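Down below is the structure, laid out as structure tokens.
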Amino acid sequence: MALADVYDAVGLPTPPAAVLWDMDGTILDTEVEWMRQSGEVVKSHGGIWNDELAESTYGVSSHSHYDQVMSQAILAGGGELVPGDELLFELGVRMARVYVNAELVPGAGALLGAFQAAGIPQALVTAAPGELLQCVRDSLKINYFDTMISGSAQIPGKPNPAPYLLAAMQLGVAAENCLAFEDSAPGIKSANYAGVHVVNVLAQPLVELAELL
């Protein structure tokens, strides 16, 4: 068993030129914390929060998360409008503490290490703000990524294809020759629109793919 078996399992006829990874909910078990901490920030400003609002932040761009969902939830609860950058700062402080103890999703470490050992470049493509990426590097202990695209990049966020196209460009490869791992509908659409071969980790868990190594 080897990487060739992983490629076969995900429907790739040849090894990818690069592997592009979503972060929260894909390699780090932090998506639920983003939703919970977003709610805490909203409620601290007099807003309302429920499961429907939490789900609406799943995999969306930073702009949609802070300037739309969270801001509107505060207004809906009778609170005063809070600038998106202020919400970003408050949520970032909370999430920085989460990332200190964040753990890799089962199977993620084995796959990241196998791709790295095979000399395949890898990129992190996340909607999380750039200020948090150092926390992510520290929590992972090992630097698997040749480049990182964050939600702070001055490009449209997921589901727009721009994040994945930028990652491929920075790695010097064609997007259509890349493999991506995603867990959200916006992220999957973003990768698909960019022409990347994408794996939905909710349907094909990393731990099952890692067992093929």
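Just so you know, residue 1 is the first one in the sequence shown, and it goes up from there. What's counted below: heavy atoms across the whole structure, side chains too, no hydrogens, waters or symmetry copies. These numbers come from a predicted model, not from an experiment.
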Point to revise | Over 12 non-hydrogen atoms of neighbours within 6.0 angstrom of CG in N50 | key: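 More than 12 heavy atoms, drawn from other residues, nucleotides or ligands, come within 6.0 Å of this atom.
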Exercise for review: Would you indicate whether N200, at its atom CG, is surrounded by more than 12 heavy atoms from other residues, nucleotides or ligands within a distance under 6.0 Å?
Suggested key: yes
When you compare the side chain of [Y] with that of [X], does any pair of heavy atoms fall below 4.5 Å?
X: Y7; Y: L209; result: no
X: E90; Y: S44; result: yes
X: E208; Y: P205; result: yes
X: P163; Y: I155; result: yes
X: V19; Y: L112; result: no

[atom1]-[atom2] distance between [X] and [Y], expressed to the nearest 0.5 angstrom:
X: N143; Y: Q122; atom1: CG; atom2: CD; result: 10.0 Å
X: H45; Y: L87; atom1: NE2; atom2: CG; result: 5.5 Å
X: D22; Y: T126; atom1: CG; atom2: OG1; result: 6.0 Å
X: L133; Y: M23; atom1: CG; atom2: CE; result: 6.0 Å
X: L111; Y: L206; atom1: CG; atom2: CG; result: 6.0 Å
X: H197; Y: L20; atom1: NE2; atom2: CG; result: 12.0 Å

Exercise for review: Go through the structure and list residues passing side chain to side chain donor-acceptor pair (under 3.5 Å) with D138, not counting sequence neighbours.
Suggested key: Q134
Exercise for review: Please identify each residue that fulfils side chain to side chain donor-acceptor pair (under 3.5 Å) with T30, with sequence neighbours left out.
Suggested key: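 With sequence neighbours excluded, T30 shows a side chain to side chain donor-acceptor pair (under 3.5 Å) to D24, given in chain and number order.
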What are the two closest heavy atoms between [X] and [Y], and how far apart are they?
X: A18; Y: I120; value: CA-CG2, 3.8 Å
X: L3; Y: A114; value: CD1-O, 3.6 Å
X: P13; Y: G11; value: CD-O, 3.6 Å
X: V196; Y: A175; value: CG2-O, 3.4 Å
X: A167; Y: A123; value: CB-CB, 4.1 Å
X: S139; Y: A102; value: CB-O, 4.2 Å

Hydrophobic cluster membership, [X] vs [Y], 4.5 Å side-chain cutoff:
X: V42; Y: L88; answer: yes
X: L91; Y: V93; answer: no
X: V125; Y: V201; answer: no
X: L104; Y: F145; answer: yes
X: L171; Y: V199; answer: no

Non-neighbouring partners of [X] that pass side-chain contact (heavy atoms from CB on, under 4.5 Å), sequence neighbours left out:
X: D8; result: none
X: E40; result: Q37, K43, R94
X: A4; result: none
X: R36; result: E33

**Study point:** With sequence neighbours excluded, residues passing salt bridge (charged side-chain N to carboxylate O under 4.0 Å, His left out) with E31
**Key:**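 Residues passing salt bridge (charged side-chain N to carboxylate O under 4.0 Å, His left out) with E31: none at all.
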Practice item. Run through the side-chain heavy atoms of Ile, Leu, Val, Met, Phe, Trp and Tyr, join any pair under 4.5 Å, and report what else lands in V198's cluster. Key: I188
Exercise for review: Please write out which residues are connected to Y193 in a hydrophobic cluster, directly or through intermediates, given that two of Ile, Leu, Val, Met, Phe, Trp, Tyr count as joined at side-chain heavy-atom separations below 4.5 angstrom.
Suggested key: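 Y193 shares its hydrophobic cluster with no other residue.
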**Study point:** Residue pairs fulfilling ring pair (Phe, Tyr, Trp, His ring centres under 6.0 Å) with at least one residue in residues 76-130, sequence neighbours excluded
**Key:** none
Got a list of side-chain donor-acceptor pairs under 3.5 Å for residues 69-78, not counting sequence neighbours?
unit_1 : atom_1 : unit_2 : atom_2 : d
S71    : OG     : Y66    : O      : 3.0

Donor-acceptor check, side chain of [X] to backbone of [Y], threshold 3.5 angstrom: yes or no?
X: Q170; Y: L165; answer: no
X: S38; Y: W34; answer: yes
X: D5; Y: A2; answer: yes

Practice item. Apply side-chain contact (heavy atoms from CB on, under 4.5 Å) to E103 and L28, showing your working. Key: CA-CA 6 Å; E103 296 184 355; L28 292 179; over 6 Å; no
Please set out all donor-acceptor pairs under 3.5 angstrom arising from side-chain atoms of residues 176-183, sequence neighbours excluded.
unit_1 : atom_1 : unit_2 : atom_2 : d
E182   : OE2    : K158   : NZ     : 2.7
E182   : OE2    : Y164   : OH     : 2.6
D183   : OD1    : T26    : OG1    : 3.2
D183   : OD2    : Y58    : OH     : 2.7

